[in-house]
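Notes to accompany the following structure.
For the single chain, residues carry numbers from 1 onward in sequence order.
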Amino acid sequence: MQLLPNRENNKPLAIGLLVIAAMLIYLGGFHWFVTRHVDLTEEISRLEGSVARFKAAVARRPDLEQRLTELRNERLDNALFLPQSNFNTAAAGLVRRLRESIDQQAEDTELCSVSATQNRADSEPERFEQVTVNVRMSCPLPDMVRILYALEDNVPLIFVDNLIINQRIAADRRNRRVGVDAYGQLDVRFDMYGFLAGQVGG
């Protein structure tokens, strides 16, 4: 019975045992180190990529802040214009705003009412299209003051122009009871107008 390999097989056997021993030493003493090194290298690469992106973002910060300021100013500017996209809907919106102001400001909405409205297109628009509504209404003086103030002191901007006021003496009992006879019922005519955001010819 032969316990040792033949002489001619000693060299390959020795090489095989050396390889096995090297693998065992690597697995036992160095594998964790190599794996950890690879993980650290990947993490360093990721961090370097993140740092590069952060640096790029910091470099763009002044431009981004300027653009943000421009957008905020543009948004504020747009809020000053009528939100509708065309003349007819904008005119209807103006009338709706007037009626809402009456409902909110008038002490008695039955004494303060709109008798007629007429839309008037801008015959010679310049930079922005003007939307005008001619209004005729009757209202006691205190209510009328509050309504006109509410129209103009808000956004979008609404302007009141060509204000004509005629006084009507209140004669019926109901008007005297609510104190209208102190000022008389007013017959009021005025133009209210605003502007569409879209530039003419733009």
Side-chain angles (χ1 to χ4, degrees), residues 61-172 174-175 177-202:
R61 179 174 179 177
D63 294 336
L64 293 175
E65 289 181 341
Q66 181 180 356
R67 179 57 179 160
L68 180 60
T69 301
E70 291 174 355
L71 290 174
R72 286 174 175 168
N73 292 337
E74 182 179 350
R75 180 179 178 185
L76 177 61
D77 291 342
N78 287 337
L80 302 179
F81 291 94
L82 301 176
Q84 294 81 8
S85 59
N86 60 69
F87 176 88
N88 290 328
T89 56
L94 286 175
V95 175
R96 183 170 59 253
R97 283 284 301 276
L98 172 61
R99 297 187 187 281
E100 289 173 352
S101 297
I102 292 173
D103 292 338
Q104 295 169 3
Q105 303 298 331
E107 292 184 1
D108 190 337
T109 55
E110 293 184 10
L111 294 177
C112 195
S113 60
V114 178
S115 55
T117 61
Q118 182 178 1
N119 302 340
R120 192 179 75 215
D122 194 355
S123 58
E124 296 181 358
E126 296 181 358
R127 183 177 178 185
F128 298 99
E129 182 178 2
Q130 178 175 325
V131 179
T132 305
V133 178
N134 305 127
V135 179
R136 181 175 182 178
M137 60 182 293
S138 59
C139 198
L141 178 59
D143 291 345
M144 195 70 237
V145 171
R146 289 193 297 269
I147 291 167
L148 294 178
Y149 180 80
L151 284 174
E152 291 195 318
D153 186 41
N154 213 327
V155 291
L157 290 181
I158 297 177
F159 303 91
V160 174
D161 196 12
N162 299 325
L163 180 63
I164 300 175
I165 299 176
N166 294 312
Q167 187 177 28
R168 296 187 309 180
I169 303 301
D172 61 284
R174 185 173 184 279
N175 286 352
R177 186 173 63 253
V178 298
V180 173
D181 55 340
Y183 300 98
Q185 186 80 345
L186 301 179
D187 180 54
V188 185
R189 302 184 187 194
F190 60 92
D191 297 337
M192 62 175 178
Y193 64 90
F195 294 90
L196 296 177
Q199 297 190 26
V200 176

For F159, is the CZ atom crowded, meaning more than 12 foreign heavy atoms sit under 6.0 Å from it?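 Buried by this count: over 12 neighbours within 6.0 Å.
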
Let me see the working for T117 and L94 under side-chain contact (heavy atoms from CB on, under 4.5 Å), right down to the final yes or no. CA-CA 10 Å; T117 61; L94 286 175; over 6 Å; no

Once rounded to the nearest 0.5 Å, what's the spacing between atom [atom1] of [X] and atom [atom2] of [Y]?
X: D153; Y: L148; atom1: CG; atom2: CG; result: 12.0 Å
X: M144; Y: L111; atom1: CE; atom2: CG; result: 13.5 Å
X: L80; Y: F195; atom1: CG; atom2: CZ; result: 11.5 Å
X: D143; Y: S101; atom1: CG; atom2: OG; result: 12.0 Å
X: I158; Y: L82; atom1: CD1; atom2: CG; result: 6.5 Å
X: L151; Y: E100; atom1: CG; atom2: CD; result: 10.0 Å

Pairwise side-chain contact, Q84 with V131, heavy-atom cut-off 4.5 Å (strictly under):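 A side-chain contact is absent here, since even the closest heavy-atom pair is not under 4.5 Å.
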
Could you tell me whether the side chain of Q185 reaches within less than 4.5 Å of the side chain of P140, counting heavy atoms only?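 The answer is yes, as the side chains (C-beta and beyond) meet within the 4.5 Å cut-off.
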
Give the minimum heavy-atom separation between [X] and [Y], together with the two atoms involved.
X: C139; Y: I147; value: SG-CD1, 4.0 Å
X: R97; Y: N154; value: NH2-CB, 3.6 Å
X: M137; Y: C112; value: CE-SG, 3.7 Å
X: P156; Y: F81; value: CB-O, 3.0 Å

Going through the checks in order, is the side-chain contact (heavy atoms from CB on, under 4.5 Å) test met by V188 and L163? CA-CA 7 Å; V188 185; L163 180 63; 3.5 Å; yes

Could you go step by step and tell me if D187 and R189 meet the side-chain contact (heavy atoms from CB on, under 4.5 Å) rule? CA-CA 7 Å; D187 180 54; R189 302 184 187 194; 4.2 Å; yes

Side chain of S115, backbone of R136: donor and acceptor closer than 3.5 Å?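 Present.
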
Donor-acceptor contact below 3.5 Å, side chain E152 vs main chain V160: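 Looks like yes, one N/O pair under 3.5 Å.
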
